[in-house]
Amino acid sequence: QYSGAAGTVTLTALTPTRIAGTFSYTAEDPGSGNVREITNGQFDLPLTSSGTLPILPDNAGSRLTGTFGGDAYNAAMVAVTQSGASGFSVTSFNGTYSASILLDGVTAAGTYPVSLASPTRIIAVNATTGASPRPSWGTGAGTSGSVTITSISATRVQGMYTGTLQPTASTPGAGALSVSGTFDVGLP
């Protein structure tokens, strides 16, 4: 299940020959929806290496979190689908929502208002569960918001987003959705 539910892994030892730590998380059975809290997990494993640990590249790992209409959102998967001089596009999902941020022409820190006009700058959210058609928000008349880039380099972009998203034409009965959150994304 890609719930994106919060969990932690804490490393207590990391040497060329050993890794140890603790973990806890919320596990959900996708078939039944039953939830189990995993607490006080521990690991202590030998490492076999050539004597040096590899250095993670600066673009390793990504996260996108937020609040959508009062619901906490923690992406279980984050992918960059565009990057470079033309801007960037980030897509994420968990078991409840998918969320995307598209910023055409953005290559510097700053605050960028949401706009369908060129250059396109969009925050979009889609429900991934529930009755069909599933609600989607982000391009309807009256959508407002902004994305603030606090740091951008060739390998990573960080920032925050906020907005009031209107339902798309495919789900006209859905109400507006307030969104806000942060992202820290490695670029390919």
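Heavy-atom basis, side chains included; hydrogens, waters and symmetry copies ignored.
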**Prompt:** What pairs with Asp44 under salt bridge (Lys or Arg N to Asp or Glu O under 4.0 Å), at least two apart in sequence or on another chain?
**Reply:** Arg18
**Fill in**
Between Ala174 and Pro135, the two heavy atoms sitting closest are CB-CB, 4.1 Å
**Prompt:** Can you find a heavy atom in the side chain of Ser178 that is under 4.5 Å from one in the side chain of Thr164?
**Reply:** yes
**Prompt:** Are Met160 and Val114 connected in the hydrophobic side-chain network, where two residues link if heavy atoms are under 4.5 Å apart?
**Reply:** no
**Backbone N/O of Gln158 and side chain of Thr150: donor-acceptor pair under 3.5 Å** = yes
**Request:** Check whether any side-chain heavy atom of Leu11 lies under 4.5 Å from a side-chain heavy atom of Phe43, and answer yes or no.
**Result:** yes
**Fill in**
When every non-hydrogen atom of Thr96 is compared with those of Asn94, the smallest separation belongs to N-OD1, 2.8 Å
**Item:** Which atom of Leu64 lies closest to which atom of Ser92, heavy atoms considered
**Value:** CD2-OG, 3.9 Å
**Asked** Can you name the nearest heavy-atom pair linking Ser24 to Thr39, along with the distance?
**Response** CB-CA, 4.0 Å
**Message:** Taking Phe93 as the starting point, is it possible to reach Ile122 by hopping between hydrophobic residues whose side chains are less than 4.5 Å apart?
**Reply:** no
**Request:** Walk me through it: do Ser146 and Thr162 pass the test side chain to side chain contact (heavy atoms under 4.5 Å, CB included)?
**Result:** CA-CA 6 Å; Ser146 63; Thr162 185; 3.9 Å; yes
**Item:** Spacing of CG belonging to Leu177 relative to CZ belonging to Phe68, to within rounding of 0.5 Å
**Value:** 7.5 Å
**Request:** Please examine the side chains of Pro46 and Thr17, heavy atoms only from C-beta on, and report whether any two atoms are closer than 4.5 Å.
**Result:** no
**Prompt:** Should Phe183 and Val157 count as side-chain neighbours, where that means a heavy-atom distance under 4.5 Å?
**Reply:** yes
**Asked** Do you know which two heavy atoms are closest between Gly61 and Arg156, and how far apart they sit?
**Response** O-NH2, 3.0 Å
**Message:** Taking Leu187 as the starting point, is it possible to reach Val147 by hopping between hydrophobic residues whose side chains are less than 4.5 Å apart?
**Reply:** yes
**Item:** Joint hydrophobic cluster, Leu116 plus Val179, side-chain heavy atoms closer than 4.5 Å
**Value:** no
**Prompt:** Can you tell me how far CE of Met77 sits from OG of Ser62, rounded to the nearest 0.5 angstrom?
**Reply:** 10.0 Å
Throw together a table of side-chain donor-acceptor distances under 3.5 angstrom for residues 98-112, partners on residues two or more places apart or in other chains.
residue, atom, partner, partner atom, Å
Ser98, OG, Asn126, ND2, 3.4
Thr111, OG1, Thr148, OG1, 3.0
Tyr112, OH, Ala108, O, 2.7

**Request:** Might you point out which heavy atoms bring Ile123 and Tyr161 nearest each other, and give the distance in Å?
**Result:** CD1-CB, 4.0 Å
**Any side-chain heavy-atom pair of Arg134 and Thr128 under 4.5 Å** = no
**Validation row: Asp71, Tyr97 side chains within 4.5 angstrom (heavy atoms)** = yes
**Item:** Tyr73 reachable from Leu165 in the ILVMFWY side-chain graph, under 4.5 Å edges
**Value:** yes
**Prompt:** Going through the checks in order, is the side chain to side chain donor-acceptor pair (under 3.5 Å) test met by Thr182 and Thr65?
**Reply:** CA-CA 6 Å; Thr182 63; Thr65 62; 3.2 Å; yes
